[in-house]
Q: 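The structure is given below, and queries will be raised subsequently.
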2 protein chains.
Amino acid sequence: MVKYLDANLDNVFAALADPVRRKMAQSLASGERTMSELAAPFTMTLPAILKHIGVLQKCGIVITEKRGRVRYCRLDPAKLMDAQTWLEETGRFWNDKLQALNTYLESENNENQN
Amino acid sequence: MVKYLDANLDNVFAALADPVRRKMAQSLASGERTMSELAAPFTMTLPAILKHIGVLQKCGIVITEKRGRVRYCRLDPAKLMDAQTWLEETGRFWNDKLQALNTYLESENNENQN
DNA sequence: CCAATACTTTACCAAGTGGTAAAGTATTTA
DNA sequence: TAAATACTTTACCACTTGGTAAAGTATTGG
């Protein structure tokens, strides 16, 4: 059995429970962005944006670095992997069952075609 | 590009952001459970348990059914899959990069061993 | 049919979340 | 060095979340 870093999974899942933060993460999925670039698609004020980035940063999904007056942000996929792993492990039993059912239905379907 | 049912991803991720609810989901991962069975490992009151199950149910992770005076709960892995898919898609770019780095480091390592 | 079981509803509360406005700091740029 | 840029901090507010206690409902079991 895998030992999950449960306390941080709380924060990772909570961070991803907001559409603004998910869109930010998706934006970062293709490369580095500045705070202003991340803020651009949204109408909210900069302090609100800063809070969202703070949430992503605190749980380790996003790493930031300030160069001059600009803060650059990038994704750390390891934390996303933690969440993914939890979902895989939890869903496995049922996915296996569905898989088995699916295989069964397909084989039945093939028999009907013969 | 996959179209995510964004509003419900909010709820799925939020549901999984709580250790009580994740433990419930893990418990359900191996089969059906009654409310009392789900409640047993925790010290909190039944109304609190009911709220947690309600959150899991509202976002579709858990399906419940009342038979007699007992409510039975089971997992619907499809919603977990939605979250998993989002994580895979978002992490892919960086995972590919890490994969490439890893491959590179391994090949370097092999060269040093020769 | 009365009591025990298994939830369920209602009312309430403290703490956390997601937003704002306004003012402040640190780096360029002209 | 003065003005513009790119955040950052502070103070505040409405709403949601996670819990409680207490009372209520619906099914069994004796």
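Chain A is the first sequence line, chain B the second, and so forth, proteins listed ahead of strands; every chain is numbered from 1.
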Q: Run the salt-bridge test on E89(B) and R22(A) with the 4.0 Å N-O cut-off and return the result as yes or no.
A: no
Q: Are R33(A) and S30(A) close enough that a side-chain donor and a side-chain acceptor fall under 3.5 Å?
A: yes
Q: Rounded to whole Å, please give me the gap between CD1 in I53(B) and C1' in dG19(D).
A: 15 Å
Q: Quick check: does any side chain N or O of R21(A) sit under 3.5 Å from a backbone N or O of A15(A), one acting as donor and the other as acceptor?
A: yes
Q: Want to settle it: does P47(B) or V55(B) sit nearer the 5' end of DNA chain D, counting the closest nucleotide to each?
A: V55(B)
Q: Over how many whole Å does the gap from R69(A) atom CZ to dA3(D) atom C1' extend?
A: 11 Å
Q: Could you give the CE-to-P distance, from M44(B) to dG19(D), as a whole number of Å?
A: 4 Å
Q: Decide yes or no for L80(A) and D82(A): does some side-chain heavy atom of the first lie under 4.5 Å from some side-chain heavy atom of the second?
A: no
Q: For DNA chain C, which nucleotides open and close the run of contacts to chain B, 5' to 3', at under 4.0 angstrom from a non-hydrogen atom?
A: dA4(C) to dT9(C)
Q: Could you check D18(A) against G68(A) and say which one's nearest nucleotide on DNA chain C is further toward the 5' end?
A: D18(A)
Q: Strictly below 4.0 Å: does H52(B) bring a side-chain N or O up to OP1 or OP2 of dG19(D)?
A: yes
Q: I'd like to check L50(A) versus L46(A) (side-chain heavy atoms, cut-off strictly below 4.5 Å). Are they in contact?
A: no
Q: Quick one: label R21(A) by what it contacts on the DNA or RNA (base, sugar-phosphate, nothing), any heavy atom closer than 4.0 Å.
A: sugar-phosphate
Q: Flag the pair E32(B) and R67(B) as a salt bridge only when some basic side-chain nitrogen lies within less than 4.0 angstrom of an acidic carboxylate oxygen.
A: yes
Q: Quick check: on DNA chain D, is the nucleotide nearest E37(A) upstream (toward 5') of the one nearest K66(B), or the reverse? Name the residue that is more 5'.
A: E37(A)
